[in-house]
Amino acid sequence: QVQLVESGGGLVQAGGSLRLSCAASGRTFRSVAMGWFRQAPGKEREFVAAINWTGGSTYYADSVKGRFTISRDNAKNIMYLQMNSLKPEDTAVYYCAVRSSRTYGSSIAEYDYWGQGTQVTVSS
């Protein structure tokens, strides 16, 4: 069983930055891939970024590529999402997720455990 807790969300002006954290419990953290997803009001949950079990390989949605950076610290059981140059369209609830595999995926169905989400609001 894996439990995930996101933090770091908040209100920021367009062009600003935020860093989200996802703290994971469970001894399997170091051997699984992880990802970030987001859900804006009235929209479906969508993929944002993913990272493999070592942190050596990452993948991003086109909408965030070049602005967001996903990383992980396996010694601390924490995953991060550094978000720069934020835009109003980045406003959403951000969720971290664990996939029971060493390689990442980009679809919701590929992930087995989810956090409760953290709200990110970007004002124009």
Side-chain angles (χ1 to χ4, degrees):
Q1 188 74 13
V2 177
Q3 291 184 325
L4 305 170
V5 179
E6 301 97 333
S7 61
L11 174 63
V12 63
Q13 288 187 333
S17 298
L18 281 175
R19 189 176 79 159
L20 304 183
S21 299
C22 174
S25 63
R27 59 182 180 176
T28 62
F29 177 86
R30 295 173 180 77
S31 62
V32 295
M34 299 185 71
W36 287 98
F37 291 76
R38 67 186 181 186
Q39 187 166 16
K43 295 187 177 182
E44 294 186 349
R45 192 172 299 188
E46 64 176 7
F47 170 77
V48 174
I51 190 165
N52 75 336
W53 69 293
T54 64
S57 181
T58 58
Y59 181 62
Y60 297 92
D62 288 343
S63 59
V64 306
K65 198 174 297 181
R67 300 188 298 122
F68 291 10
T69 302
I70 188 172
S71 62
R72 65 192 295 167
D73 185 337
N74 284 348
K76 297 181 179 180
N77 282 15
I78 299 178
M79 177 178 66
Y80 302 100
L81 185 68
Q82 177 67 43
M83 305 186 294
N84 298 329
S85 302
L86 282 161
K87 305 174 181 180
E89 50 264 44
D90 294 317
T91 294
V93 176
Y94 283 71
Y95 299 89
C96 67
V98 163
R99 185 181 190 220
S100 298
S101 169
R102 293 186 172 187
T103 57
Y104 52 68
S106 61
S107 67
I108 295 171
E110 294 178 284
Y111 288 80
D112 304 292
Y113 301 97
W114 294 82
Q116 82 290 348
T118 185
Q119 177 70 48
V120 171
T121 303
V122 184
S123 62
S124 57

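In this chain, numbering begins with 1 at the start of the sequence shown.
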Check residues 16-23 and write down every donor-acceptor pair under 3.5 Å in which the side-chain atom is one partner and the other belongs to a residue at least two apart or another chain.
residue : atom : partner : partner atom : Å
S17     : OG   : N84     : OD1          : 2.9

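- By the neighbour-count criterion of 12 heavy atoms within 6.0 Å, atom CD of Q3 is sparsely surrounded, having that number or fewer from other residues, nucleotides or ligands.
- In the hydrophobic cluster analysis, where Ile, Leu, Val, Met, Phe, Trp and Tyr join through side-chain heavy atoms closer than 4.5 angstrom, V93 is grouped apart from L4.
- More than 12 heavy atoms of other residues, nucleotides or ligands lie within 6.0 Å of OH in Y113, so this atom counts as buried by the packing criterion.
- Think of L11 as one node in a network of Ile, Leu, Val, Met, Phe, Trp and Tyr side chains linked at under 4.5 Å; it has no links at all.
- The salt bridge (charged side-chain N to carboxylate O under 4.0 Å, His left out) pairs that include a residue from residues 106-115 are R99-E110, where partners are two or more places apart or lie in different chains.
- For W114, the ring-ring contact (aromatic ring centres under 6.0 Å, His included) partners at least two apart in sequence or on another chain are F37.
- Hydrophobic clustering keeps Y59 apart from I51 (ILVMFWY residues linked when any side-chain heavy atoms are closer than 4.5 Å, directly or through intermediates).
- For the atom pair L86 CG and Q13 CD, the distance stands at 11.5 Å (nearest 0.5 Å).
- The existence of a salt bridge linking D90 and K87 is excluded, since no basic side-chain nitrogen approaches an acidic carboxylate oxygen closer than 4.0 Å.
- Hydrophobic cluster membership differs between Y80 and V120, with clusters built from Ile, Leu, Val, Met, Phe, Trp and Tyr side chains linked at under 4.5 angstrom.
- A heavy-atom distance below 4.5 Å is not found between the side chains of R67 and Y60.
- The CZ atom of R45 sits 13.0 Å away from atom OG of S107, with the distance rounded to the nearest 0.5 Å.
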Output a table of donor-acceptor pairs, distance under 3.5 Å, between side-chain atoms of residues 68-75 and any protein atom two or more places apart or on a different chain; print 'none' if there are none.
residue : atom : partner : partner atom : Å
R72     : NE   : N74     : OD1          : 2.8
R72     : NH1  : V32     : O            : 2.8
R72     : NH1  : N52     : O            : 2.8
R72     : NH2  : F29     : O            : 2.7
R72     : NH2  : V32     : O            : 3.1
R72     : NH2  : N74     : OD1          : 3.4
D73     : OD1  : A75     : N            : 3.1
D73     : OD1  : K76     : N            : 3.3
N74     : ND2  : W53     : O            : 3.0

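- Without hydrogens or angle criteria, Y111 side chain to C96 main chain gives no donor-acceptor distance under 3.5 Å.
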### Message
If you apply the rule side chain to side chain contact (heavy atoms under 4.5 Å, CB included), what do you find for Q39 with Y95, and how did you get there?
### Response
CA-CA 8 Å; Q39 187 166 16; Y95 299 89; 4.2 Å; yes

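- Among residue pairs with one or both ends in residues 47-95, none qualify as disulfide bond (SG atoms under 2.5 Å apart); sequence neighbours excluded.
- Criterion: ILVMFWY side-chain heavy atoms under 4.5 Å apart, direct or through other members. Under it, V48 and V98 are part of a common hydrophobic cluster.
- Looking at every heavy atom in both residues, Y104 comes nearest to S57 through OH-OG, 3.2 Å.
- Proximity of a side-chain donor or acceptor of E46 to a complementary backbone N or O of R38 within less than 3.5 Å is not detected.
- Hydrophobic clustering of Ile, Leu, Val, Met, Phe, Trp and Tyr side chains at less than 4.5 Å, counting indirect connections, unites V64 with V122.
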